[in-house]
2 protein chains.
Amino acid sequence: MTRNKKVTSYDVAREAGVSQSAVSRVFRPGLSVSQKTRDKVMTAANAMGYRPNAIARMLITKQSGMVAVIVSSRANVNYPEVLSQVSKQLAARNKRVLLFTLDDAEGLDDLFEQIWTFQVDGVIALAAHFESEKLAQFEQHKIPVVLYNRNVPGAMANTVCCNHEQGIKQLILELEQSNPKNYLVLSGPKDSDVANERREIALSLLKQFGAKDVSVLFGDYSYQSGRDCLAQWLEKNPTPDAVICSNDTMAIGVIDEARDNHNIHIPNDMSVVGFDGITSSAWKSYQITTIKQPLEQLVKAAIEMLLEHIENPDSPPESRVLTGALIKGNSVKRI
Amino acid sequence: MTRNKKVTSYDVAREAGVSQSAVSRVFRPGLSVSQKTRDKVMTAANAMGYRPNAIARMLITKQSGMVAVIVSSRANVNYPEVLSQVSKQLAARNKRVLLFTLDDAEGLDDLFEQIWTFQVDGVIALAAHFESEKLAQFEQHKIPVVLYNRNVPGAMANTVCCNHEQGIKQLILELEQSNPKNYLVLSGPKDSDVANERREIALSLLKQFGAKDVSVLFGDYSYQSGRDCLAQWLEKNPTPDAVICSNDTMAIGVIDEARDNHNIHIPNDMSVVGFDGITSSAWKSYQITTIKQPLEQLVKAAIEMLLEHIENPDSPPESRVLTGALIKGNSVKRI
DNA sequence: CGCAATAATGACTTCGAATGCAATAATGAT
DNA sequence: ATCATTATTGCATTCGAAGTCATTATTGCG
């Protein structure tokens, strides 16, 4: 019978005729308890519907068993999947996710307050932008952090990231096969670190490849911005041979706009590549050539790294870069 | 200067020359503290980098300030958006989200254990299937629950749900305009409550409308299952006049399959409707006629309801049904 | 200026489990 | 059977903030 009032270890102890310490020991793994006591306690506990109070445990052990996951609202379409993976993999390690959503830099101080007060064991930040000053705060509070999909070169931070350079290079190699005369680079927003990185890498690689006619436009990662940017570009310019989009969603927008309003045929009139490998990039109507991020491995790496630093707070910062897979779709002109 | 070791209210009290109680009062809103004391405490607290320990607070106040959000892995594409909304709106009410992902019925007992031990203030379940026996457990533990997008007729449960009946009726009205000779209903998986509800409503309404030739196929809510179901159907049957899909994702699959492998023209040869109003349903290549779920309002309702029941545990169960908006796309034949 | 009413303060207890330590029981060796 | 080990057990304390209550400082008002 489950009682109405909360059952504590003292209640169970009384019922089982043992001390509160005994009850506590039964519910902690690996402690010395005789089989007899264990049975008495378990019987009483089950009868009374007792569950140890995690809050009290956290207070005394100074381990909350919670990991703060910060999701920027700018997070890309993959993040739900990432989030679900994170939650699952942490659950397997007996930790839970305390979720925080970050809208803008405004809420940052407030968010940090929350994180300190909740004494989380660690933090995973999904594509959020932190000044290194913020990172230093984590250091001070001795809370391990892993930045997901953000490379902070030279910074003392744990990062897990998809290899943008290698991915974009593969995409450009695909595009180069048909010798495009000119390139349009459709970047994500200027205040996104990932967007900036992808754009700069693309520009620098294009230069290496000897591409001369390269233009840049800025979208905001959304479908509509893909459409708008292309429309705006075509007002004053001819159809570009190749469009490099900083994510798949914009690539989809570009393709729809091209077909819908400008009668441009993909890939013969114009090649388009994306990045991320979101589900819809593979849909028949788009079939985008893109780089698929190795989500599961990225998450796995992030979590391993975090746990390592939780268990061993002095281990040095680490960066892991994983390689994405080139998905050959049907959005790039073949020769 | 932020000290390395954790700063407690006692440390601040000593530094500020006041009692620990005083420090506590300063950090609780609306308590009687003189300006002088407040200043002394705040100065010391800031200098030492003190933040109240939320864990200790939870223990004494018996309010964790956390709401468990259970996301079924079967959750539809909207859920990231929902989750983000939930997190934001709860944050505004000074509560945080403890995230749990539910893979299958297997993990359910374990999940419940977690929920009891963490003493959450309430639970929001996104599209998860709970037996009423499970719901009773929440009752026993006195933890308020709100079921999102799940209608449990007759059950003593708080539910927030989109009006499926009204939405599907509107969709059928759209379809009826071109007098389809036959209908194909593409249902979601049999073990999904929402899928079953949508299918049964569609069938019952079609009967009311006098439709005679109605067939049912079962998919799993995925793009690929939309494609597969249509392909399989067309092996032995002629092109249906109208396809009612239980969600937008399958509708997209159906459209792609029709165009790609069967040279069926949408909407002239075949009308397709979806449900949910996911982002991609509005993309130019699909432009599905669908019902857009009022996400923000649904979430708002769910949270209001939950908070009401947290504050007033004896308020009776409530069900709110919100109406979705008909999106007239371009996937239904006009006369 | 005096007294009542109110505001501010600190000492002490509480929440519920975990743990160091000392006491006791069980086991083994001789 | 005796003593040394080792395994169990319970007592008392701890974690850090919040709240109760009695005490002291302030304020208002006649």
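Note on naming: letters A, B, ... go to the chains in the order of the sequence lines (proteins, then strands), and numbering restarts at 1 for each one. All values below were derived from every heavy atom in this structure, side-chain atoms included, with hydrogens, water molecules and symmetry-related copies excluded.
Atom NZ in A/Lys40 sits roughly 10 Å away from atom C1' in D/dT9 (whole-Å rounding). Rounded to a whole Å, the NZ atom of A/Lys36 is 17 Å from the P atom of D/dA7. For the pair A/Gln63 CD and C/dG16 P, the computed distance is 22 Å after rounding to whole Å. Between B/Ile55 atom CD1 and D/dA18 atom P there is a gap of 13 Å when expressed in whole angstrom units. Look at CG on B/Asp11: it is 11 Å from P on D/dC15, rounded to the nearest Å. Regarding B/Arg57, its CZ atom lies at a distance of 8 Å from the C1' atom of D/dA17, rounded to whole Å. Rounded to an integer number of Å, the gap from CD1 of A/Ile60 to P of D/dC15 is 7 Å. Spacing between atom CE of A/Met58 and atom P of D/dA17 amounts to 16 Å, rounded to whole angstrom units.
With hydrogens and angles disregarded, no donor-acceptor distance shorter than 3.5 Å links the side chain of B/Ser87 to the backbone of B/Leu83. Distance alone, capped at 3.5 Å, is enough to place a donor-acceptor pair between the B/Ser64 side chain and the B/Gln119 backbone. A donor-acceptor pair is defined here as one N or O able to donate and one able to accept, closer than 3.5 Å; such a pair exists between the side chain of B/Asn46 and the backbone of B/Met42.
Nearest to the side chain of A/Tyr10, among D/dA17, C/dA18, D/dT8, sits C/dA18. Relative to the side chain of B/Thr37, the nucleotides C/dT9, D/dA17, C/dG16 differ in distance, and C/dT9 lies closest. When distances are taken from the side chain of A/Ser34 to each of D/dA17, D/dT9, C/dG16, the shortest belongs to D/dT9.
DNA chain D is contacted by both A/Val33 and A/Leu59; A/Val33 maps to the nucleotide lying nearer its 5′ end (nearest heavy atom per residue).
Listed by residue number, there are no residues of residues 114-123 of chain A with a heavy-atom contact under 4.0 Å to DNA chain C. Shown for residues 19-28 of chain A: residues whose heavy atoms fall under 4.0 angstrom of DNA chain D, namely A/Ser19, A/Gln20, A/Ser21, A/Ala22, A/Arg25.
Look at A/Lys134 and A/Asp109 and you find a salt bridge, because one of the NZ, NE, NH1 or NH2 atoms lies within 4.0 Å of a carboxylate O, short of that distance.
Taken to the nearest 0.5 Å, the CE atom of B/Met58 stands 4.5 Å off from the CE atom of B/Met66. Distance CG/B/Leu307 to CZ/B/Arg93: 5.0 Å, rounded to 0.5 Å.
In this pair, A/Tyr50 and A/Phe27 present their aromatic rings perpendicular. The plane angle is above 60°, beyond the 30 to 60° band.
Side-chain N/O atoms of B/Tyr50 include none lying less than 4.0 angstrom from OP1 or OP2 on D/dG16. Listed pair B/Lys62 / C/dT14 fails the phosphate criterion, with no side-chain N or O lying under 4.0 Å from OP1 or OP2.
Within 6.0 Å of atom NZ in A/Lys300, 12 or fewer heavy atoms from other residues, nucleotides or ligands are found, so the atom counts as exposed in its surroundings.
Put simply, the residue from B/Arg320, B/Glu318, B/His309 that forms a side-chain hydrogen bond (donor to acceptor under 3.5 Å, both in side chains) with B/Asn158 is B/His309.
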